[in-house]
Amino acid sequence: MISTNKPSRLNKIVSYTLLLLLAFVILAPFFIGIWTSFLPTMEIAKGNFLSTDLSFNNYVAAFTKTPILRYLANSLVVSTLTMAAQLVFCSMSAYAFVFLKFKYRNAIFILFLITMMLPFEAEIIPNFTTVKNLGMLDHYSVLLIPFLTSAFGTFMLRQSFMQTPNELKEAADIEGLNHFQFYWNIVLPYNKVSLITLGAYSFLGAWNQYLWPMLTTFSNNSRLIQNGLRQLQSEETFNDWGMIQASAAIIVIPTILVLFIGQHYFKSGMNEGAVK
Amino acid sequence: MSTILNQVSKNYGESNIILNNVSAEIETGEFFVIVGPSGCGKSTLLRMIAGLTEISDGDISIDGQVVNNLQPKDRKLTMVFQSYALFPFLNVWDNVAFGLKARKLDQAEVHQRVNDALDMVSLSELKDRKPRELSGGQRQRVALARAVASDAKICLMDEPLSNLDAQLRVKMRQEIYQLQRKLGLTLIYVTHDQVEAMTMADHIMVLNDHEVQQIGTPTEIYQQPANAFVANFFGTALINVMPAQKFDDYTLNVDGDFQIRMDQKITDEATKIGIRPGELSIEAADELTANATVKSTEFLGDETIVYATTNSGHDIRILLPGKATHAAFEKIKISSSNNIFLFDANNKRIPFEAGDLVNA
Amino acid sequence: MLKSTTPTMVEAGTKTKKKHRTFSLNAKDKYYALLFLGPSLLILSVFVFYPMLRTLYISMFLTNTLGKTTVFNGLGNYTDLLGSPEYIASLGSTLVYVFAVTILTVGIGLLLANLASKRLPGIGVFRTLYSVTMGVSVSVAAIFWLFIFNPSTGFFALLSNMVGLPVINWLTDPTMAMWAVIITTVWMNLGFTFLILLGAISSVPTTLYEAASIEGASERRQFFKITVPMISPTLFFVSTITLIEGFKSFGLIDLITKGGPTNSTNMLVYRIYKDAFYSGNYAQASSEAIILTVIIAFFTFLQFKFLEKRVNY
């Protein structure tokens, strides 16, 4: 495209200075964290940041002395399963709201909308009793089952499914496809972008869960990474800053790499989801 | 006191040339139309005059001052965009007032000018509407009012009518023309529509392939096109450009199909001719004398266009007055008046000697 | 693939649309509906509707330490709460936190997005860098910032020592602890907010800016008179989202301040958690949960209303 009037030289210098300065401020916590993760805790405690005694010792310690790998694996499994489940169940209920005619459809849909207004945080007391009575405490299932579906995901996919051209449905009816075939072969592929967006949301959502897993898991077998880090921090290693920073780095580096790679999808998906 | 383009060029890197060596003088108060097919660089040229796009080479001067490095706002001009560029969150009145407020004019003057401008485009009654509540023609008028309200004497328009339907386009064309005359604006108008150019312009600049093809009045452009491209671009029924050979000093042989007797001596460079469809006539003929076969006819009311194929295989258009009845596959004999254009091998028109200009 | 078949289908479709829709009112649909909607309805009933009603129910009773309801108390728990200076203080600190976080997040996010929307060489790098905090989870953010705030070995302490200023007790001073949580939250929110706002700014038609620059509007004026009004729906959207998430904050508070010092960061959700699972006061915690729900429902409703209006726009 033809570019608009180029900013003047001075303008450019000001812009770049600001851009760099802000980038520096935003990234500073990362730099500080990752830098200290290579320093021995002794040097950190002395305030000796510019020490050149850099090593991977903290990383080795984090991997060998703490269950961080187990936490990571737990989080990965739970987040992936949550994502998969939400994709299936949200898309199914969204399909029902868009393509099926049944009694009380609108009433049920309003019920879903209301659900979006109710914070899960306000429901933890009875939910805790429920999962305790069902014997699900400290087990993967307690982290999964309440989150198999989400009203937000259903709502988002419904909006997307409604954009599916009516002709596709009519063509499918003429071809004699049943609802399962239409759902699986046409609606899902047609709404791929929204599904990817929802997948990213639900994965990140599960990955960042904090309160519920903290209440319902208490052994390393099922503890997730967010709570695991808190555990490390409050245990005997409290002042081992080098190792704590290393564990934080172990978690954040892969996420950021995935983010950079997936950024393209994220951006387009998010702009679609947001008001335009 | 005019706008002068002096060898203006625009390129992005070595290979991507948008405009090459454009020179022109646009007189104050004239209606100047830049016309050409899409992709010829006409919008870029307008944006360079406005200051929205940087100039790679050459100068643009307005009223004797080189404006190459001036910000758009300092060039004392206004612009009407193809999409109108109306602010959707402001009502009509505020849209028109936007620029005046930005220039910090005093309240009373802003009111005066906005109200006058809205009056002039007959939008006073709709001044509280939002752009989305207006029809296409009304939006167009808001954009015009914005140009009118500013006291800038140069107004740039980038395909302002292309988003309107055909009927509205004719109406707005007249309104723009009247407005330009009434206010004495220097109007630089970009379009791809030759009809708009012919009907409104004082001068037309024809652009093609990133270069100026011709600058002239509508009459000059129509009657003395600089080359085959220009001849082709103007005229509602498309001109017939066909290969032709010199038969003798005064006779042209049109690809063996028919001959044209000229009043002037024919130069050796002539390799093609351009015949406007109206210069051709048809007689019924038998197999032996026929030089073409009718393909189809289009009845336009007071005229008919006959599409035919010559014996040598060229498509040819003939414009006949009234209703002509020629069936498909009918054999016909075509002949031409000598009011034609001669082109050389590079498609440049070969001018006739002064004095015996037939097509004046 | 599918596109090639649509033109003929369009014709067939428009002619039979009305008739066809009623055919679709197939008797079988309701079985499919049960199949497609059943799982979601079941999950939501057990883990959303039931607990909401149950919470409402408990909130009107007194409970024993096992969470069993004992005596009906009507709205007593609510009047007790709203009469308790401690709870009002908690509500107040939540409001301070939520509004500070929202104003800062949206303000800084807008500044970043506006800067990064300029067409400058290499701008893509900055766009990526500014969105980087999207990949940071609560615990990582908390660790990074806890280290920076740490009064003895932390980065801020080190800086203060270097320039000879007194070290700020970020985590032990009630006011500063609140700011520590606010800063960390804003930092975490920035990536997401930035990306959404950048998307909105990029979709403003360039001709609007061109028209304005010809008419003499400065860059500053263009920002306030074009960019801000054009993206106001998105600004509203990110503001309400940030607001709602702010009211639900728990993780960062638990990790950074644990509600302290002297309850200065004991915000709504943290309080519910403490009252229910530490003190065993389930009735009071339930009333608090209902109050939280009312607040969040209000803002979500506001957002729905606005979205609905936008659709018609």
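Every value quoted in this text rests on a predicted model; they were computed, and no experiment measured them. Lettering follows sequence order; numbering is per chain, from 1.
No side-chain donor-acceptor contact under 3.5 Å links A:R230 to the backbone of C:S139. Side-chain atoms of C:S40 never come within 3.5 Å of backbone atoms of C:L37 as a donor-acceptor pair (strictly under, hydrogens ignored). A donor-acceptor pair under 3.5 Å links the side-chain atoms of A:S150 to the main chain of A:G153, judged by distance alone. Here the side chain of A:Q226 pairs a donor or acceptor atom with the backbone of A:W207 at under 3.5 angstrom. In this structure a side-chain-to-backbone donor-acceptor pair under 3.5 Å is present from C:D29 to A:K101. Of the possible polar contacts, none joining the A:K132 side chain to the A:F128 backbone as a donor-acceptor pair under 3.5 Å is found.
With chain C as partner, the option from A:M116, A:R105, A:M214, A:K103 having the largest number of non-hydrogen pairs under 4.5 angstrom is A:M214. In terms of heavy-atom pairs under 4.5 angstrom with chain A, the leader among C:F250, C:F236, C:Y50, C:F247 is C:F250. Contact count against chain C (heavy-atom pairs under 4.5 Å) is highest for A:L113 among A:L113, A:I225, A:N227, A:V131. Note on C:N150, C:L34, C:L146: by heavy-atom pairs under 4.5 Å with chain A, the leading option is C:L146. Of the listed residues (A:T115, A:I251, A:N178), the greatest number of heavy-atom pairs within a distance under 4.5 Å of chain C belongs to A:T115. Comparing A:T154, A:I145, A:I124 by how many heavy-atom pairs each has under 4.5 Å with chain C, the most go to A:I145. Among the candidates C:G122, C:G135, C:S202, the residue making the largest number of heavy-atom pairs closer than 4.5 Å to chain A is C:G135. Between chain A and the options C:V140, C:V46, C:I272, heavy-atom pairs under 4.5 Å are most frequent for C:V140. Residue with the most contacts toward chain C among A:V25, A:T129, A:T255: A:T255 (heavy-atom pairs, distance under 4.5 Å). Of the listed residues (C:V136, C:T133, C:V132), the greatest number of heavy-atom pairs within a distance under 4.5 Å of chain A belongs to C:V132. Of the listed residues (A:T36, A:T130, A:L148, A:L118), the greatest number of heavy-atom pairs within a distance under 4.5 Å of chain C belongs to A:L118. Per-residue counts of heavy-atom pairs under 4.5 Å with chain A were compared for C:F299, C:Y273, C:Y282; the largest is that of C:Y273.
Interface remark: A:I114 contributes no atoms to any contact with chain C (heavy atom separation under 4.5 Å). Contacts of A:F30 with chain C are made by both backbone and side-chain atoms, with heavy-atom separations under 4.5 Å. If you measure heavy-atom distances from A:I32 to chain C, the contacts under 4.5 Å come from the side chain alone. With a threshold of 4.5 angstrom between heavy atoms, C:F126 approaches chain A through side-chain atoms but not through N, CA, C or O. There is no contact between C:I241 and chain A, counting heavy-atom distances below 4.5 Å. Only the side chain of C:A276 comes within less than 4.5 Å of a heavy atom in chain A; its backbone stays farther off. Looking at C:I148, the atoms closer than 4.5 Å to chain A (heavy atoms on both sides) all sit in the side chain, from C-beta outward. Heavy atoms of C:I291 lying under 4.5 Å from chain A are absent altogether.
Taking CG of A:L19 as the reference point, atom CZ of A:F24 lies at 15.0 Å (rounded to 0.5 Å). For the atom pair A:Y201 OH and A:Q86 CD, the distance stands at 13.0 Å (nearest 0.5 Å).
Residues C:F149 and C:W145 bring their aromatic ring centres within 6.0 Å. Outside the 6.0 Å centre-distance limit, the rings of A:Y95 and C:Y32 are not counted as a close aromatic pair. A centroid separation of less than 6.0 Å is found between the aromatic rings of A:F120 and A:F147. In summary, the aromatic rings of A:Y183 and C:F36 are positioned with their centroids under 6.0 Å apart.
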